[in-house]
Amino acid sequence: LTAAGIELLHEGRRLLEQLDAVANRVKRVATGWETQLTIAVDDALSRLTVFELCEDFYALRPPAPMGASSAPAGPGTRLRLRTEVLAGTWEALVGGQADLAIGVTLDHAPPAGVKVEPLGTMEFVFVVAPHHPLAAFEEAITDAVLVRHRAVAVADSAHRLAPVTVNLLPGQDVFTVPTMQAKLEAQLRCLGCGFLPEPIAREHIAAGRLVVKTVERSRAPATFSYAWRVPS
């Protein structure tokens, strides 16, 4: 074969593989499996747990479509993960950018067409770096003291819904970061103070890289749920 012929052979094989993949996805639609599932995950939740769930999903073996000689190798659904923060997780679902939202926090009844189930609670701890000025405080830290120190906050990813702010004081200097991992890094570097999910801060507290402090405005455990849009 000429160079052009070899390229045509390779491209033809690739196109045939794509046609087979499309045909398989069409068959799976007939069995009730989505071709793509977009999942919005709140940034406070463990990435490790999310990927373990994805592993379990890809290991599923749905029944073979009618007329097929064997079951497909997996569910055939393409997963797409997106990370959201605070109200952004809920907005992604109700706005149609996600089919499933994991880690939503609701203080109102869900709208029609959306199903919500409880997921669990998570403790938050107020932590600072060992060389932060607040690390030397032995009594509960009051708002009057706290307002004089920079807070680190993760930006709400919502664009249309009203953004949520948590435990920020009027007039307090704020260092805003895009992710919970960035917030952790900022507080390890003594760029500010604030609440972190206890599971994220745990190993750094044990190693002495972060110090837990008591504040008067204690934060209640966050209650998370998961939600999805019910097909009409």
Side-chain angles (χ1 to χ4, degrees), residues 39-55 81-90 92 101-107 118-158 163-226:
I39 306 171
V41 183
D42 189 272
D43 192 40
L45 301 187
S46 166
R47 294 284 87 87
L48 176 62
T49 302
V50 171
F51 281 106
E52 286 174 346
L53 291 171
C54 291
E55 285 179 339
L81 298 179
R82 53 186 292 163
T83 301
E84 302 291 344
V85 179
L86 297 171
T89 310
W90 180 250
I102 303 177
V104 296
T105 55
L106 285 180
D107 56 3
L119 187 62
T121 59
M122 182 184 294
E123 296 282 348
F124 281 72
V125 289
F126 186 89
V127 291
V128 295
H131 50 297
H132 191 281
L134 292 177
F137 270 72
E138 296 182 359
E139 65 275 8
I141 301 170
T142 64
D143 285 358
V145 173
L146 200 57
V147 74
R148 299 198 297 267
H149 298 272
R150 183 187 307 112
V152 183
V154 183
D156 194 317
S157 61
V164 175
T165 57
V166 182
N167 281 302
L168 295 179
L169 297 170
Q172 186 178 20
D173 184 21
V174 181
F175 178 29
T176 303
V177 294
T179 66
M180 193 64 71
Q181 189 60 41
K183 176 176 168 64
L184 170 64
E185 185 64 30
Q187 293 188 215
L188 287 170
R189 292 176 178 271
C190 201
L191 298 177
C193 58
F195 286 90
L196 282 171
E198 190 278 333
I200 291 177
R202 185 181 302 157
E203 67 174 275
H204 300 284
I205 295 169
R209 292 186 290 268
L210 289 174
V211 180
V212 179
K213 305 305 296 182
T214 302
V215 292
E216 284 191 349
R217 56 166 49 230
S218 60
R219 176 169 177 171
T223 300
F224 291 105
S225 302
Y226 61 99

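All values reported here derive from a predicted model rather than from experimental measurement.
Residue pairs meeting the ring pair (Phe, Tyr, Trp, His ring centres under 6.0 Å) criterion with at least one partner in residues 163-185, sequence neighbours excluded, do not occur; the list is empty. Screening residues 163-187 for salt bridge (Lys or Arg N to Asp or Glu O under 4.0 Å) gives R150-D173, E185-R189 as the qualifying pairs, with residues at least two apart or on separate chains. Judged as a ring pair (Phe, Tyr, Trp, His ring centres under 6.0 Å), not a single pair has a partner in residues 198-220 (not counting sequence neighbours). Contacts classified as salt bridge (Lys or Arg N to Asp or Glu O under 4.0 Å) and involving residues 212-222 (residues at least two apart or in different chains) are given here: D143-R217. Residue pairs meeting the salt bridge (Lys or Arg N to Asp or Glu O under 4.0 Å) criterion with at least one member in residues 41-51, sequence neighbours excluded, are D43-R47.
At least one side-chain heavy atom of T121 sits under 4.5 Å from a side-chain heavy atom of T223. In this structure, the side chains of V50 and L81 come closer than 4.5 Å at one or more pairs of heavy atoms. Within the 4.5 Å cutoff, the side chain of L210 has heavy atoms near those of the L184 side chain.
A distance of 11.5 Å separates OG1 of T83 from CE of M180, quoted to the nearest 0.5 Å. Atom NE2 of H132 is separated from atom CG of L191 by 9.5 Å, given to the nearest 0.5 angstrom.
In plain terms, the two heavy atoms of V152 and A186 that are nearest each other are CG1-CB, 3.9 Å. Closest approach of P130 to R209, counting heavy atoms only: CD-O, 3.2 Å. The shortest non-hydrogen separation linking T89 to I102 is CG2-O, 3.9 Å. Shown here for V104 and A101, the closest heavy-atom pair between the two residues is CG1-CB, 3.6 Å. A pairwise comparison of heavy atoms in F224 and G103 identifies CD2-O, 3.1 Å as the closest pair. Taking every heavy atom of both residues into account, D156 and G88 meet most closely at OD1-N, 3.2 Å.
Legend: residues meeting side chain to side chain contact (heavy atoms under 4.5 Å, CB included) with S46, ordered by chain and number and at least two apart, are L48, T49. By the side-chain hydrogen bond (donor to acceptor under 3.5 Å, both in side chains) test, S157 is found to be paired with E84, residues two or more places apart in sequence or in another chain being considered. In this structure Y226 satisfies the ring-ring contact (aromatic ring centres under 6.0 Å, His included) test together with W228, sequence neighbours excluded. With sequence neighbours excluded, the residues that form a side chain to side chain contact (heavy atoms under 4.5 Å, CB included) with A135 are V128. Contacts of V145 classified as side chain to side chain contact (heavy atoms under 4.5 Å, CB included), with partners at least two apart in sequence or in another chain: L134, F137, I141, T142, R148, H149. Here A153 pairs with L168, V174 under the side chain to side chain contact (heavy atoms under 4.5 Å, CB included) rule; sequence neighbours left out.
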Tell me which donor-acceptor pairs under 3.5 Å the side chains of residues 193-203 have, and how far apart each pair is, sequence neighbours excluded?
residue	atom	partner	partner atom	Å
E198	OE1	R202	NE	3.3
E198	OE1	R202	NH2	2.7
E198	OE2	R202	NE	2.9

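More than 12 non-hydrogen atoms from other residues, nucleotides or ligands lie less than 6.0 angstrom from CD of E139.
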